[in-house]
Amino acid sequence: MPELLTTSGNIALTPATFQHRLLEWYDRHGRKTLPWQQDKAPYRVWVSEIMLQQTQVATVIDYYRRFMARFPDVHALAAASQDEVLHLWTGLGYYARGRNLHKAAQILVERYGGEFPVHSLEAMTALPGIGRSTAGAIIAISTGQRGVILDGNVKRVLARLHAVAGWPGKPAVERELWRLAERYTPDERLDDYSQAIMDLGATLCKRGTPSCLFCPFEDVCLAHAQGEERRFPESKPRKVLPERQTIMLLLRNEEGRLLLEQRPGAGIWGGLWCFPQFDDREALSRWIDAKAPGAILEPAWNSFAHTFSHFRLHIVPQPARCKRTGHVSEVDTLWYDSARPANIGLAAPVKQLLNASRPFAAQPSF
DNA sequence: AATACGGGGAC
DNA sequence: GTCCCAGTATT
């Protein structure tokens, strides 16, 4: 009963067969010209892996180029200010990645002479922002030593190949996927293998419409055998997003500059510069009385929504003018001159509002 | 084990 | 509009 093999499982798929088919596919169809695939120094691989966390390739490319141009090596990054790092991160999201990158660069310089501890998975994962998968990716891609990756692409490929049920956010499901990832990871060509399995997930074993006809594992994939590719991996159980509202004060001084405050290091938009924010108009009034008495409020602009992964924020832009600039000048505040933008990190909606606030700028949406 | 953490692209 | 992505840190 040969059918038994295809319907009862892909137990015939040995790691050697998987690796061989995957690498053959990669040699023919894989992407090999992405910016971070040219010079695979640990530093360059590291920056790319961090940027690619929860962020798609197409979005990352320009950020990566700018970042590498400004910080060509770990020493340049370690010597920079956090503001400058976050400036180049503006719009990428998950800003803790940028702060951790900066922090890790300083650790690498101070403790490791600027070299990555690529011979120790433990030392790698001890660096801020580097977890098990990213450490594996850096080791495998930059050194060719054995390193195991389990990112979103690999999870999808393996979940389908073995019809692994359940949401990968569940520890039990994640453990099973790591077990499979370990099983299939070879001892040779680690750089190509890592790129290959991620590429397969990104370009062929896609979330929405996988191209099973061209897949080297079409005959052994359990999800495909069931005709249920779309069911794997299962998605996160969704809840209704909580809604919150905030007023952003666009306070302009007589020089036409706008007031920004730096947010605390942790939490939403940590370390980024933002307009003063208020839960309600009463809190806004109290702040005006204390910090900028005599400031004149103009009609509020139309509100707009900004969606986070865990809530929706309705933003009411409240423009205002103040006569003198002396009142609001504390640490962690600055007057932003749109004619000469500072190299600081800005939350995406703040950047939008700054653009819309430029003299003679079109303001269709506000 | 569950939750916090952004923004944009795909559909 | 909804979903979710080359995850990690914190609680």
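All chains are named by letter (A, B, ...) in the order of the sequence lines, taking the proteins before the strands, and each is independently numbered beginning at 1. Just so it is clear, the structure is predicted and the values come from calculations on it, not from any experiment.
On the nucleic acid side, DNA chain C has its first and last nucleotide under 4.0 Å of a heavy atom of chain A at C:dC3 to C:dA9, going 5' to 3'.
A:I149 comes within 4.0 angstrom of no nucleic acid atom, judged by non-hydrogen atoms across all strands. Base engagement by A:V57 is indicated by at least one non-hydrogen atom pair under 4.0 Å involving a base atom. Among the heavy atoms of the strands, none lies under 4.0 Å from A:T125. A:W36 comes within 4.0 angstrom of a nucleotide base, judged by non-hydrogen atoms across all strands.
Of the residues near DNA chain C, A:Q195 and A:N100, the one whose nearest nucleotide (by heavy atom distance) lies more toward the 5' end is A:Q195.
With P as the reference atom, B:dG8 and C:dT8 are 22 Å apart, rounded to whole Å. Nucleotides B:dA4 and C:dA6 are separated by 23 Å at their P atoms, to the nearest Å.
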Would you give me the side-chain donor-acceptor pairs under 3.5 Å for residues 134-144 of chain A, sequence neighbours excluded?
unit_1, atom_1, unit_2, atom_2, d
A:T134, OG1, A:Q53, NE2, 3.0
A:S142, OG, A:I138, O, 2.5
A:T143, OG1, A:I139, O, 2.5
A:T143, OG1, A:Q145, N, 2.9
A:T143, OG1, A:Q145, NE2, 3.0

Considering only distance and modelled atom types, tabulate donor-acceptor pairs under 3.5 Å from the side chains of residues 267-275 of chain A, sequence neighbours left out.
unit_1, atom_1, unit_2, atom_2, d
A:W273, NE1, A:D83, OD1, 3.2

Handout entry: Intermediate values then yes/no, side-chain hydrogen bond (donor to acceptor under 3.5 Å, both in side chains), A:R263 and A:Q277
Key = CA-CA 10 Å; A:R263 296 180 59 88; A:Q277 279 183 251; 3.1 Å; yes
Practice task
Determine, for nucleotides 4-11 of chain B in 5'-to-3' order, which nucleotides have protein heavy atoms under 4.0 Å from the base (write B), from only the sugar-phosphate (write S), or from neither (write -).
Solution key: SBBBSS--
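Ring-centre distance between A:F304 and A:H306: not below the 6.0 Å cut-off.
A:Y336 does not carry A:R257 over the face of its six-membered ring by the limits of under 6.0 Å from the centre and within 45° of the normal. Note that A:R189 lies outside the cation-pi zone of A:Y193, set by a 6.0 Å cut-off to the ring centre and a 45° limit from the axis.
For A:F18, the ring pair (Phe, Tyr, Trp, His ring centres under 6.0 Å) criterion is met by A:Y184, A:F217, not counting sequence neighbours. Listed by chain and residue number, nothing satisfies the ring pair (Phe, Tyr, Trp, His ring centres under 6.0 Å) test with A:W178 (two or more places apart in sequence, or in another chain).
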